Amino acid sequence: MKGKDFKIIIPRRELQKKIKELGKRISEDYSGKEPILIGILKGSFIFLADLIRVIKVPHEVDFMAVASYGQEIEGSGVVKLIKDLNINIEGKDVIIIEDIVDTGLTLNFIKKNLLLRNPRSLEIAALLDRKERRKVQMHLKYVGFTVPNEFVVGYGLDLAERYRNLPYIAKIEGSKLAQRRFEL
Ligand code: IMP
């Protein structure tokens with residue numbers, strides 16, 4: 001992108017290879033079942049699109065969107081639901097598909113919300129895991145890559161709604177906005 005210095009930290013080929021592995025594991029683990037994959041908008045949509053094309057078991061897809069509860073308390077873990085599921089997940093095997101787990105606050109909210117609906121099982125697949133900043137511990141059954149303590153973009157992940165289209169995961173060198181966003 002013009003005027004920006006992107007440093008690729010996970011190239012396209014590595015992403016594709018890892019997603020194939022995750023798809024294979026999910027297909028084995030859910031053999032004979034029909035899981036519901038829930039993509040958390042917006043960041044997960046590219047990961048989800050590639051993942052379902054390497055999953056061999058029949059499955060359904062739905063989406064949820066959440067937002068932090070206003071600027072002033074961003075990072076506080078107060079999250080609101082802005083788009084709910086269309087599918088009833090009671091008694092179903094559910095896999096949450098997330099782009100990146102950072103503090104874990106967002107996923108903690110989503111997990112609690114979904115558990116109230118009594119799914120048969122609930123697991124998490126995250127493309128990226130930034131363990132160092134975790135505030136809420138949780139088990140991530142499927143993880144693509146552990147990423148360092150820096151803001152990343154691409155492959156669905158944005159900075160102020162941009163760069164989701166990059167086919168790799170990158171950090172932006174010298175971006176004050178990325179730095180600010182990361183410190184929240
Ligand atoms: P958490 O609640 O702190 O775990 O944050 C999770 C959400 O914050 C992710 O689903 C992303 O939407 C966003 N996020 C966290 N880190 C990054 C990043 O490095 N780049 C882009 N989005 C991020």
Side-chain angles (χ1 to χ4, degrees), residues 1 4-12 14-15 18-19 22 37-51 61-85 94-115 122-184:
M1 300 263 160
K4 287 266 186 277
D5 196 3
F6 290 96
K7 183 155 186 282
I8 299 177
I9 59 173
I10 310 171
R12 185 179 208 159
E14 269 187 52
L15 287 166
K18 182 66 76 175
I19 289 165
L22 292 177
L37 276 62
I38 299 179
I40 309 304
L41 295 171
K42 302 177 193 169
S44 72
F45 78 106
I46 294 184
F47 173 41
L48 177 68
D50 281 351
L51 186 63
V61 169
D62 204 350
F63 293 95
M64 251 177 132
V66 294
S68 296
Y69 222 94
Q71 277 310 97
E72 67 284 357
I73 44 173
E74 199 163 346
S76 65
V78 187
V79 178
K80 67 179 165 186
L81 192 60
I82 55 175
K83 189 233 169 280
D84 203 352
L85 300 176
V94 172
I95 312 173
I96 301 172
I97 311 295
E98 180 63 302
D99 54 354
I100 181 166
V101 186
D102 188 31
T103 62
L105 291 167
T106 307
L107 211 45
N108 188 46
F109 170 88
I110 291 168
K111 212 180 141 187
K112 279 190 185 157
N113 183 297
L114 293 179
L115 282 173
L122 183 66
E123 299 291 353
I124 298 166
L127 179 65
L128 307 176
D129 182 7
R130 194 187 285 117
K131 286 189 186 135
E132 277 179 69
R133 281 176 31 111
R134 195 77 91 252
K135 287 186 184 159
V136 189
Q137 294 309 322
M138 70 187 74
H139 173 64
L140 307 179
K141 184 156 188 187
Y142 307 100
V143 174
F145 302 88
T146 299
V147 287
N149 233 342
E150 280 167 300
F151 195 80
V152 293
V153 294
Y155 202 72
L157 287 94
D158 74 308
L159 175 62
E161 293 303 325
R162 296 186 64 186
Y163 316 123
R164 294 190 198 274
N165 59 319
L166 299 177
Y168 44 76
I169 299 288
K171 58 180 187 173
I172 312 175
E173 305 267 87
S175 164
K176 288 206 174 94
L177 183 56
Q179 189 59 33
R180 267 212 314 278
R181 175 63 185 74
F182 188 67
E183 283 163 0
L184 281 172

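Values below: all heavy atoms of this structure, side chains included; hydrogens, waters and symmetry mates excluded. All values derive from a computational prediction rather than experimental measurement. Atoms within each ligand, like the ligands themselves, are counted from 1 in listed order.
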*Evaluate whether atom NZ of Lys131 has more than 12 neighbouring non-hydrogen atoms of other residues, nucleotides or ligands under 6.0 angstrom away.*
no
*So which heavy atom in the protein is nearest atom 10 (O) of ligand 1, and how far is it from that ligand atom?*
Asp99 OD1, 2.8 Å
*atom 1 (P) of ligand 1: which of Thr103, Asp158, Val66 has the nearest heavy atom?*
Thr103
*Residue, atom name and distance, where the atom is the protein heavy atom closest to atom 8 (O) of ligand 1*: Arg181 NH2, 3.9 Å
_For Gly104, atoms of ligand 1 separated by under 4.0 Å from a heavy atom_ = 1 (P), 3 (O), 4 (O)
*Numbering as shown, the atoms of ligand 1 that approach Val152 to under 4.0 Å (heavy-atom distance)*: 18 (C), 19 (O), 20 (N), 21 (C)
*Among protein heavy atoms, which sits nearest to atom 23 (C) of ligand 1, and what does the distance come to when rounded to 0.1 Å?*
Ile100 CG2, 3.8 Å
*asked:* Determine whether a donor-acceptor pair (N or O, by modelled atom type, separation under 3.5 Å) exists between the side chain of Lys135 and the backbone of Leu105.
replied: no
*Among the heavy atoms of Val153, does any lie under 4.0 Å from an atom of ligand 1?*
no
*asked:* So is Arg130 touching ligand 1 or not, going by heavy atoms under 4.0 Å?
replied: yes
*Looking at ligand 1, does Leu107 have a heavy atom less than 4.0 Å from it?*
no
*Quick check: are there more than 12 heavy atoms from other residues, nucleotides or ligands sitting under 6.0 Å from CZ of Arg134?*
yes
